[in-house]
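Have a look at the structure below, then the notes.
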Amino acid sequence: RLDQPLEMPGLDQPRSELQLHRDLTELARQNRQAAQAGCFLGGGGYDHFIPAAVDYLAGQGAFVTAYTPYQAEASQGALQAFFEFQTQVCRLTGLDVANASVYEAATATAEAVMMALHVTGKRRVLVANTIHPHIRAVLRTYLADLAVDLIELPAAAGRIDTETVRDACDQDTACLVIQSPNVYGLIEDWSGHFAAAHQSPTSNHKPPLGIALFNPIACGLLKRPGDCGADIAVGEGQPLGIPMQYGGPWLGLFAARKTLMRKMPGRLVGQTIDRRGRRGFCLTLQTREQHIRGAKATSNICTNQGLLALRATIYLSAMGPHGLREVASQCYHKAHHAAAQIAALDGYDLAYAGPFFHEFVVNCPVPARAVIDAGRQRNILPGLDCAELGIGTENQLLIAVTEKRSAADIDALVDLLQRVPADRNVPV
Amino acid sequence: RLDQPLEMPGLDQPRSELQLHRDLTELARQNRQAAQAGCFLGGGGYDHFIPAAVDYLAGQGAFVTAYTPYQAEASQGALQAFFEFQTQVCRLTGLDVANASVYEAATATAEAVMMALHVTGKRRVLVANTIHPHIRAVLRTYLADLAVDLIELPAAAGRIDTETVRDACDQDTACLVIQSPNVYGLIEDWSGHFAAAHQSPTSNHKPPLGIALFNPIACGLLKRPGDCGADIAVGEGQPLGIPMQYGGPWLGLFAARKTLMRKMPGRLVGQTIDRRGRRGFCLTLQTREQHIRGAKATSNICTNQGLLALRATIYLSAMGPHGLREVASQCYHKAHHAAAQIAALDGYDLAYAGPFFHEFVVNCPVPARAVIDAGRQRNILPGLDCAELGIGTENQLLIAVTEKRSAADIDALVDLLQRVPADRNVPV
Amino acid sequence: MHQSPTNADFPLIFERGAPGARATDLPPLDVPKADLPDDLVADAPLALPEVGQLDLVRHYTHLAARNFSVDANFYPLGSCTMKFNPPLNEAAAALPRFTGMHPLQDDRDAQGILKILYQLRIWLATIAGLDEVSLQPCAGAHGEFTALKVIRAYFHDPDAANQPQRRKVLTPDTAHGTNPASCAMCGADVVTVPSKDGLVDLDALRKLVDDETAAMMITNPNTAGLFDHTITDIAKILHDAGALLYLDGANMNAIIGVCRPGDFGVDIMHYNTHKTFSTPHGCGGPGAGPIAVRQFLAPYLPVPQVEKRATGQASYKAATGGRGLPEYFLDHDRPKSIGRVRSFVGQSGVLLRCWAYIAALGPQGLRSVAQNAVLNANYLAARLRHRYATPYFDPDTSRFCAHEFVTVPKDLLDKGVTLIDIAKRLVDYRIHPPTMHWPVHDCL
Amino acid sequence: MHQSPTNADFPLIFERGAPGARATDLPPLDVPKADLPDDLVADAPLALPEVGQLDLVRHYTHLAARNFSVDANFYPLGSCTMKFNPPLNEAAAALPRFTGMHPLQDDRDAQGILKILYQLRIWLATIAGLDEVSLQPCAGAHGEFTALKVIRAYFHDPDAANQPQRRKVLTPDTAHGTNPASCAMCGADVVTVPSKDGLVDLDALRKLVDDETAAMMITNPNTAGLFDHTITDIAKILHDAGALLYLDGANMNAIIGVCRPGDFGVDIMHYNTHKTFSTPHGCGGPGAGPIAVRQFLAPYLPVPQVEKRATGQASYKAATGGRGLPEYFLDHDRPKSIGRVRSFVGQSGVLLRCWAYIAALGPQGLRSVAQNAVLNANYLAARLRHRYATPYFDPDTSRFCAHEFVTVPKDLLDKGVTLIDIAKRLVDYRIHPPTMHWPVHDCL
Ligand SMILES: Cc1ncc(COP(=O)(O)O)c(C=O)c1O
Ligand SMILES: Cc1ncc(COP(=O)(O)O)c(C=O)c1O
């Protein structure tokens, strides 16, 4: 028990609202806003257009300041929104059931793997090494203390080969995790890989589960996980109307085949009928599953990403099928336009030849760092350094192009890339 | 009847939401944000602190997108808020009744004068020439075609003398309009002036009405119009939680003594009791007075500034009596601190010796324009050019200091003023 | 689920909180205190609410929950067209480089907003089919007032009409109350023109127009929801007598992009941006009431006017360097102007939203707004006409309405049901009731 | 005034709108189209809603109206402390220079947010009375998981504890379900410790602790609202046996600034920012679950860690010129770390609001939060105890509660009233019902 208030460095007095406003404005000034014309950063987080209705509607106090919808009568609004969210995630992924969100993509993937281990009772986990390095790192942490073998499948030319999958699957394999578009932006052959896994020899009639790590924007245009044989689909929901906000809070998407429903982690909203025959919604299956299953629980998630799920719901409703398809195809065409122009520059070429969605790796004639530093002077963020991210060499740049970039923005990027090698020869 | 769509310059295609977002962001970039550390602009609009709750609460769709509260059952929320607004304006001014807002200060003043003409049946209007020039200009426009004499009372040392008032009031005088703090920031002697007017000889037992043009922030600290004998008080509500937004929409405040209630322009919300004895609110007295009075109406105002009135209500509720007093006294002390430092600079002095609130005129050793131009380079807006505003000479600067300015901001202003004359002697 | 509410459930903000409570605060004063003479200071603190931030938020959240709005409800109102307010417009208007602008800032530091105002001025003139626009007026009624001042200035101008005796302004008997009220404020003599079948009675009009007539104010489509197809005849009658035709633009929603007031004889008119161009109604305001005029009336428009320098003269780029004149500027130098009708520049924040609405629609979009409004109103009238009399609507004789219509629920009234009953029942269904008893008695 | 609602009143978003309707749009594609292989493309468009913007707004406005929230209602919840969410924090977190930040931006371009995270790290350590903090975990349960990983890494470290046999984790029978679930996820063996009179049974504990025990997880004040004054005894029992004490910080609201977990023997703990530090609950998330540890556990914390370079080494000013190292940075180089527990930097947007809440209160303010919460809960318990049994509360024998309390409405239950009835009646009065049947049966 303390006799007096704590001594907190840099905080002796309470700050008035005006002071706090000043301080936060000044701290914001010390950040560069990536989300603007010159942003070509990707690697898991993307600068997509967010319709004003998303902020407007999700920002309502009735949603922001509401509690978890345990008490159904007091929470029909949130419950219905989450029910709509789940339905949308099902339609996005082509799977049967979806939960009301988990934290973000990496923990979603870890939860999916834990679920696969539980469902199959096996202990080998196959993970493509074309998966985002953060996600692979999280998987290593999650599986570290369990009696599980985590095996990374090597890529050839930036993609996984179905042969590799076939060779790696054995009787003891619980699941195969494939990301597409993968960390290099390349589109993987989910159908081939999952088919290979499903056809692998099995002892207990439980073939390895196919876990697809998807990008929800790509689902607006490309084949969906469910169409390609995935049993579980997990993904990062950030592109769906959620600002990048320095990495979080984002949104873990989680969907699965109907047969797996009872093993799904997280909250699930169901539809029901009241005494007067009117539709209503409530949390189902587990409501705080941990209370019931305790030490036998397979997941511990409680607080999820409700408000972000709401944003995604509003985003998808605003876009609709045609809007989402347009977002996805503009991403595709603009990225390909940028790639073609860059590949035509002296000294630059594309690192991989495979089909890609809205992100690609470029070999540069200079270190990627030099390009990035040059970009800072012109307020262009030309991409990510593949060596720093742990997915390539010093001279490789990972470039993402979303629908928000105009032809002029792309021209400015190309111009930057063209100048950097020359400028480096002239000492400033 | 047109066969085809109009040809509109600069607008051939509909703009998508993303395009419009881009365009508006770019257009905003071409403006300088005055409301920041270096802002010493006043002259009728002031950069005060706006608590976040004002934007948050007044920005609710249920207020922003609501219709005029003609239908009481569908508008109890707005009606109660306006009732609270009226009550606050009464307490701010020390008068008995207030309406639910008029457009802004100048038209409010014009409405007050029209009302005074009507109530007294007289035709002379006395207006201090220490009133903001825009307001005097609006009065000229409004009264131009009516058989009315508009007389401007001259000032001595920036303030009106009670002697001048006494001499000007005659049997035919309908009203006397005095602004305090006046356009130079000086505090006028309302009590003396209105007493002189009220005591002037009258034919019909209707002495001239005293119309006080007030600053609502000053009312948090200084004597109120009602305390000083005013019959009508009008003012600009912008300082009460309304952003300067390039001059509008702002908020006209209008209050009067009880005896004048039936002649008040604009909407008035009243309290009533429903069948079950519960309190309710509705528009009273006239609801669209124009329908009833038609050509005999004294005012034509219909749409008012509802949402801005709501902002002011929330602002005053957030501040409370002590908060508003603190805002006002910080304005006072900071302005006096700045004035003292500036008066101590070589070549600068205060133009007027009278008591002032948060704004004052400085004589500069160089044209005010030169100071303003120098300030632009450092993102300081040091004040207004009195010649341009029509209230003084080329070398006079009108400086306002609100509670938002810190001691450091004031030091930067003083430093700027000190350097300008010197810098001008050194050609760049 | 709900208790019947009592006063304690809906206290006034003054009845909440506790002495000393505050919802916000300032940093401590960081400069020395100056002398503050006692005689200037109020004796007691003001009797304002004293509440904490949670009480404040709850209070105005509860009030919001007790209000109808476009966001939540349907408003079948005509003249007071209640349009959807796009969230983007709200977000853009809230950008600090718009909200944080002082109205007396240097023009060079205001090129973005000035460009918006200038373009809007041009667009509104185009839509009107007229020559010049003033963005100054604060709302429709203020637009009427300003326009009447302009008309008067024109007739008083010795270099122009020079007919100061024209003091009469005609208004139809269906006119909105602001029309005669605006006349009264300007010292004009109001003369009422009778209607026939919901439209202006032309014979009566002919008799009333004379060489003391300054103008007629007309709402078209009118307040009964009818487009007055005799409008060109009306214009001719006035013009022949040397008088002007004023259009109250409250119902422009029904015709924008489809026909232009200038083409059917209007000389001067006002818009209500909060009706026609979706700027939010805000529980009754703010609005904006720009006026459009023919060239011969332009010199009299109020100051300031937003102007653009011809390209070549000075470009924005040069201007921002401080070395030239800015492209867009506020012009105060208009010798024949009626003067100021308000302080500063106008309802900039409202006009900005108006610009965004027009830009989003484009010329084609504007046209379809009017087409859809008219189609929907006629659809509803057709569905209702068998139960509710629609005096001015009869598709069998090609009498269609514009974007609103008048209905007299005669059957129901005969059974003892009152209009108020119908209105309250609509509220039960969360629909805002239409305007009642206006323009004819016992109508909706 | 309300009709009883039907399904048609509350349609799903899928049941609104019409084919082809959209609530937003993009500019036309302004680059040439690239080749898009057919076999990559989905066969049919997705079955997503097709609604216009007005439908969209109305729909989610209606849903909002059907939801309780702190802004509108009182929530007497304990562990899940529902705090007021200051609008300033929401506005600041929405600044484009916060929301628009990519997580892999250069540290030099992120000094503002990194400073916030670093200061928050230091403040949370100070409040805990512990040495280092990781801001990585996404919520409380994720904090538990991360902490258990840290504990395990410590016991497995050959250079440190080197006691890999310690696989047992004790949890009291009153523990929140996430505690054992987190253990299970980490492969630990969960052992339940019985309670006596609502507190941990010390004798039972002594018998259960052995050299295979890694730690005990305890919530204090516990889920019954009681501050366990034997906490230092519990710590001693564990420490004597070489095990660690973990604090579930869900109820920190009752003690922040008044006493420090580090002082009563806690080695490692988590916070729930969405409970203790007012980050909005958002209908169930997002949250953040920072963990605080003693120095000897610090090497195992997850990567990245936000760090500050000692002044003199490199200042921010130099850094922004691109010529030096930035003052604040993300450190990935922690060889003993358990690794990553999530992608990127953490729940930055949540942590920012947490920083603002602490900064607004200051040290003295934090202390009064706890003092007021305890005072208010005891006040309510005292008022209720004559009608509702309060098993763990009895002021006559100085048994007070912390910031929440358990009540068993025995009289009412005997009369046939159920807990659900009480809960629904509270909803009628627009008060959110407290947690039911937990931690003991038939309690609130
Ligand atoms: C026909 C008509 N004219 C004029 C007005 C007055 O416009 P405002 O309310 O914008 O002043 C209105 C609106 O109330 C109207 O409907
Ligand atoms: C005592 C206790 N521990 C842990 C948790 C889990 O925390 P979170 O929901 O943040 O994951 C909660 C909250 O639900 C709790 O009350």
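Order of the sequence lines sets the chain letters (A, B, ...), proteins ahead of strands, with each chain counted from 1. Note that the coordinates shown come from a computational prediction; the quantities given were computed from them, not determined experimentally.
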Answer with side chain, backbone, both or neither: which region of C:H156 has an atom nearer than 4.5 Å to a non-hydrogen atom of chain B? neither
Honestly, the part of C:I256 sitting under 4.5 Å from a heavy atom of chain B is neither
Restricting to non-hydrogen atoms, name the atom on C:W355 and the atom on B:L24 that form the minimum distance, rounded to 0.1 Å. CZ3-CD2, 3.6 Å
Can you confirm if the NZ or CZ of B:R91 lies within 45° of the ring axis of C:F14 and under 6.0 Å from the centre of its six-membered ring? yes
Given side chains that start at C-beta, do those of C:R367 and B:L2 come closer than 4.5 Å, heavy atoms only? yes
Return the option, out of C:V303, C:L114, C:V57, with the maximum number of heavy-atom pairs under 4.5 Å with chain B. C:V57
C:D39 versus chain B, heavy atoms under 4.5 Å apart: side chain, backbone, both or neither? backbone
Just by modelled atom types, is the C:D71 backbone N or O under 3.5 Å from a matching donor or acceptor in the B:T65 side chain? yes
Counting heavy-atom pairs under 4.5 Å with chain C, the top scorer among B:L307, B:L11, B:L222 is B:L11
Pair B:H132 + C:F344: ring centers closer than 6.0 Å: yes
Taking the side chain as C-beta and beyond, is there a heavy-atom pair between B:M244 and C:M101 under 4.5 Å? no
Derivation of the side-chain hydrogen bond (donor to acceptor under 3.5 Å, both in side chains) call for B:T107 and C:H142: CA-CA 10 Å; B:T107 55; C:H142 201 220; 5.6 Å; no
Taking every non-hydrogen pair under 4.5 Å, which of B:K404, B:H21, B:Q88, B:E104 racks up the most with chain C? B:E104
I'd like to know if the side chain of B:Q245 and the backbone of C:G349 have a donor-acceptor N/O pair within less than 3.5 Å. no
Distance-minimising heavy-atom pair for C:Q364 and B:P5: OE1-CG, 3.1 Å
Does the side chain of B:Y246 come within less than 4.5 Å of C:T99's, by heavy atoms? no
Got B:K334 and C:L29 here, is their nearest side-chain heavy-atom distance under 4.5 Å? yes
When the 4.5 angstrom heavy-atom criterion is applied to C:R152 and chain B, the contacting part is side chain
State, yes or no, whether a side-chain contact exists between C:D106 and B:R376 at a heavy-atom distance under 4.5 Å. yes
Check each atom of C:C183 against the heavy atoms of chain B and say whether the ones under 4.5 Å are side chain, backbone, both or neither. neither
Side chain, backbone, both or neither: which part of C:I255 has a heavy atom under 4.5 Å from chain B? neither
With a 3.5 Å distance limit and no angle check, can you tell me whether C:Y60 reaches the backbone of B:Q60 through a side-chain donor-acceptor pair? no
Is the shortest heavy-atom distance from the side chain of C:D109 to the side chain of B:N31 under 4.5 Å? no
Can a donor-acceptor pair be found, under 3.5 Å and without considering hydrogens, that links the side chain of B:T141 to the backbone of C:R340? yes
Hey, does the side chain of B:H337 reach the backbone of C:V31 with a donor-acceptor pair shorter than 3.5 angstrom? no
Taking every non-hydrogen pair under 4.5 Å, which of C:L352, C:N85, C:L40, C:L361 racks up the most with chain B? C:L40
Taking all non-hydrogen atoms of both residues, which atom of B:I135 and which atom of C:S343 are closest, and how far apart? CG1-OG, 4.4 Å
Go through the side-chain N and O atoms of B:Q33 and C:H102 and say whether any donor and acceptor fall under 3.5 Å apart. no
Show your reasoning for whether salt bridge (Lys or Arg N to Asp or Glu O under 4.0 Å) applies to C:D30 and B:R405. CA-CA 10 Å; C:D30 58 357; B:R405 300 290 83 80; over 6 Å; no
As an exercise: rank B:I187, B:D23, B:I314, B:L316 by heavy-atom pairs under 4.5 Å with chain C and give me the winner. B:I314
When every non-hydrogen atom of B:Y142 is compared with those of C:K149, the smallest separation belongs to O-NZ, 3.4 Å
Would a distance-only check, ignoring hydrogens and angles, find a side-chain to backbone donor-acceptor pair under 3.5 Å from C:W123 to B:M8? no
Less than 4.5 Å apart, side chain to side chain, heavy atoms only: is that true for B:E7 and C:T126? no
Which pair of heavy atoms, one from C:L46 and one from B:L92, lies closest together, and at what distance? CD1-CD1, 3.6 Å
Should B:Q76 and C:L63 be marked as a side-chain contact (heavy atoms from CB on, under 4.5 Å) after you check the CA-CA gap, both sets of side-chain angles, and the distance that decides it? CA-CA 7 Å; B:Q76 281 302 301; C:L63 292 191; over 6 Å; no
Over all atoms of both residues, closest heavy-atom pair of C:G285 and B:T303: CA-CG2, 3.9 Å
Looking at B:H336, B:K223, B:M319, which makes the most heavy-atom pairs under 4.5 Å with chain C? B:K223
Judged by atom type as modelled, is there a donor-acceptor pair below 3.5 Å linking the side chain of B:N300 to the main-chain atoms of C:A181? no
Backbone N or O of B:R32 within a donor-acceptor pair of the C:Q105 side chain at under 3.5 Å? yes
Answer yes or no: is there a side-chain heavy-atom contact under 4.5 Å between B:Q305 and C:Q347? yes
Side chain, backbone, both or neither: which part of C:R22 has a non-hydrogen atom closer than 4.5 Å to chain B? both
Examine distances only and state if a side-chain atom of C:E50 and a backbone atom of B:A318 form a donor-acceptor pair shorter than 3.5 Å. no
Would you mind telling me which of C:G187, C:A47, C:G365 has the largest number of heavy-atom pairs within less than 4.5 Å of chain B? C:A47
